[in-house]
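Worksheet for the structure shown next.
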Amino acid sequence: MNAYERRGMWKKPPVILILCGMMILIFVCRFLVFGRAVNVFRMMAPLTGRVIVIDPGHGGIDGGTYDDDGTLEKDINLQISLKLKRLCEKNGANVIMTRTSDTALDHLNSKSEYRHKRDLIARADIINKARPDVFLSIHVNAEKSSSKTRGPMVLYFRGSEESRRLASLLQKRLEEAYTSSGEKIRSRLPLPNSSLFLLINTNAPGVILELGFITNPGDKALLTSQDFQHKLCASIFEGLKDYF
């Protein structure tokens, strides 16, 4: 038997085996390449794929808290929320806003005879429909009995461990925004709550961020400063990175 005849004894592999092998090879290559691409992209955009609801508190007829010079909470809330939206989207997040302009949300449902309750229901409905990874409700605090009270406070639903963890990380980062700006503030623990409507009627982990006291002259100057608003957004973003 010559060499040609010996080679002829080996049959060619069936076409189906060749195709299966090629498909497996393609799948492995795509997995390796795509997996590396996703990891690199996540490093470049750390909130990639995360769904975040940002809720600028109050709006429209509801100005929220205020200072005697006419500064309104609703305006500060919206300014900071829009900045935070841009920062999160730049880093890969899918951001859903409960409002993007100076408007209340009570017109979105008829589930209560009270305007304020309808507004809160609308915000909770938006959050629950979005099924986000987290939600952030942006607010400004006030203490009419003392102009000395200042600094950020983060509230979370008492029954949610994930919300507690998120609140702790954000409280720390927000305080850093103040102290790194040379401000002396009292360190706080995040506040558990079991009565605020938005916290007890939403399914996703989330917090209410009270970013400072409009009734404190130092806080008010910071909260109305474009530079410090950006700094607050950066601190919230870092807290989100810590959480995820």
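Treat the numbers as computed from the prediction; the structure is a model and nothing was measured.
The backbone N or O of His58 lies less than 3.5 Å from a partner atom in the side chain of Arg123, making a donor-acceptor pair. The closest donor-acceptor contact from the side chain of Gln229 to the backbone of Leu223 lies under 3.5 Å. No donor-acceptor pair closer than 3.5 Å links the side chain of Asp219 to the backbone N or O of Thr215. Of the possible donor and acceptor atoms, none in the side chain of Arg186 sits under 3.5 Å from a partner among the backbone N and O of Arg150. Remark: side-chain polar atoms of Ser112 are paired, donor with acceptor, to backbone N or O of Tyr114 under 3.5 angstrom. For Glu210 (side chain) and Asn141 (main-chain N/O), a donor-acceptor pair under 3.5 Å exists by modelled atom type. The backbone N or O of Gly57 sits nowhere less than 3.5 Å from a side-chain atom of Asp55 that would complete a donor-acceptor pair. Formation of a donor-acceptor pair under 3.5 Å by the Thr202 side chain with backbone atoms of Ala124 is not found in this model. Checking side-chain atoms of Asp133 against main-chain N and O of Ile52 turns up no donor-acceptor pair under 3.5 Å. In terms of modelled atom types and a separation under 3.5 Å, the side chain of Arg173 and the main chain of Ser235 share no donor-acceptor contact.
No option in Asp125, Asp62, Asp106 other than Asp106 meets the salt bridge (Lys or Arg N to Asp or Glu O under 4.0 Å) test with Arg118.
Linking ILVMFWY side-chain heavy atoms closer than 4.5 Å, directly or via other members, places Met97 and Ile127 in two distinct hydrophobic clusters. Both Leu87 and Leu211 belong to a common hydrophobic cluster when Ile, Leu, Val, Met, Phe, Trp and Tyr are linked at side-chain heavy-atom distances under 4.5 angstrom. Note on Phe157: it does not cluster hydrophobically with Ile138, by side-chain heavy-atom contacts below 4.5 Å among ILVMFWY residues. In the hydrophobic cluster analysis, where Ile, Leu, Val, Met, Phe, Trp and Tyr join through side-chain heavy atoms closer than 4.5 angstrom, Leu120 is grouped apart from Leu108. Follow the hydrophobic side-chain contacts under 4.5 Å out from Val53 and you never reach Leu82; the two are in separate clusters.
Between Glu175 and Ser187, the shortest heavy-atom distance links the atoms OE1-OG, 3.1 Å. Annotation for Gly206 and Leu166: closest pair CA-CD2, 4.2 Å, computed over non-hydrogen atoms. Between Leu169 and Gly239, the shortest heavy-atom contact is CB-O, 4.2 Å. The two atoms that bring Pro56 and Arg99 nearest to each other are O-NE, 2.9 Å, heavy atoms only. Nearest approach of Ser181 to Phe228, heavy atoms of both residues: OG-CE1, 3.6 Å. Nearest approach of Phe237 to Pro46, heavy atoms of both residues: CZ-CG, 3.8 Å.
Under the 4.5 Å side-chain criterion, counting only non-hydrogen atoms from C-beta, Leu136 is in contact with Leu240. Considering only heavy atoms from C-beta on, Phe135 stays 4.5 Å or farther from Val51 through its side chain. Here the side chains of Ile126 and Leu105 are in contact, with some heavy-atom distance below 4.5 Å. Contact check for Pro152 versus Leu209: no side-chain heavy atoms found under the 4.5 Å cut-off. You'll find the side chain of Lys129 stays beyond 4.5 Å of the side chain of Ile96, heavy atoms only. Using a 4.5 Å cut-off on side-chain heavy atoms (C-beta onward), Ile76 and Lys220 make no contact. The side-chain heavy atoms of Leu170 and Ile236, taken from C-beta on, include a pair separated by under 4.5 Å. At a threshold of 4.5 Å between non-hydrogen side-chain atoms, the residues Glu143 and Lys148 do not count as touching.
Distance check: Leu222 CG to Asn216 CG gives 8.5 Å after rounding to the nearest 0.5 Å. A distance of 9.5 Å separates OG of Ser110 from CD1 of Ile121, quoted to the nearest 0.5 Å. Atom OG1 of Thr103 and atom CD1 of Ile61 lie 11.0 Å apart (nearest 0.5 Å). Atom NZ of residue Lys74 and atom OG1 of residue Thr65 lie 13.5 Å apart, to the nearest 0.5 angstrom. Between the CZ atom of Arg50 and the SG atom of Cys88 there is a distance of 12.5 Å, given to the nearest 0.5 Å. Summarising the geometry, atom CD belonging to Gln226 is positioned 6.0 Å from atom CD belonging to Gln79; distances are rounded to the nearest 0.5 Å.
Within 6.0 Å of the CZ atom in Phe197, the count of heavy atoms belonging to other residues, nucleotides or ligands exceeds 12. Counting heavy-atom neighbours within 6.0 Å of Ile200 CD1, excluding the residue itself, gives a total above 12. Taking a 6.0 Å sphere around NZ of Lys144, one finds it holds more than 12 heavy atoms contributed by other residues, nucleotides or ligands. Around CZ of Phe244, the count of heavy atoms belonging to other residues, nucleotides or ligands within 6.0 Å exceeds 12. Around the NE2 atom of His116, the shell of radius 6.0 Å holds no more than 12 heavy atoms that belong to other residues, nucleotides or ligands.
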Q: For the pair Arg164 and Glu161, evaluate salt bridge (charged side-chain N to carboxylate O under 4.0 Å, His left out) and give the outcome as yes or no after the intermediate values.
A: CA-CA 5 Å; Arg164 184 205 64 78; Glu161 174 58 27; 2.7 Å; yes
Q | Worked verdict on Tyr156 versus Arg165 for side-chain contact (heavy atoms from CB on, under 4.5 Å) | A | CA-CA 9 Å; Tyr156 67 95; Arg165 187 168 71 87; over 6 Å; no
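In this structure, a donor-acceptor pair under 3.5 Å is present between the side chains of Ser180 and Lys231. No hydrogens or angles considered: a donor-acceptor pair under 3.5 Å links the side chains of Thr71 and Asp69.
For the pair Glu176 and Lys172, the salt-bridge criterion is met [side-chain N within less than 4.0 Å of a carboxylate O].
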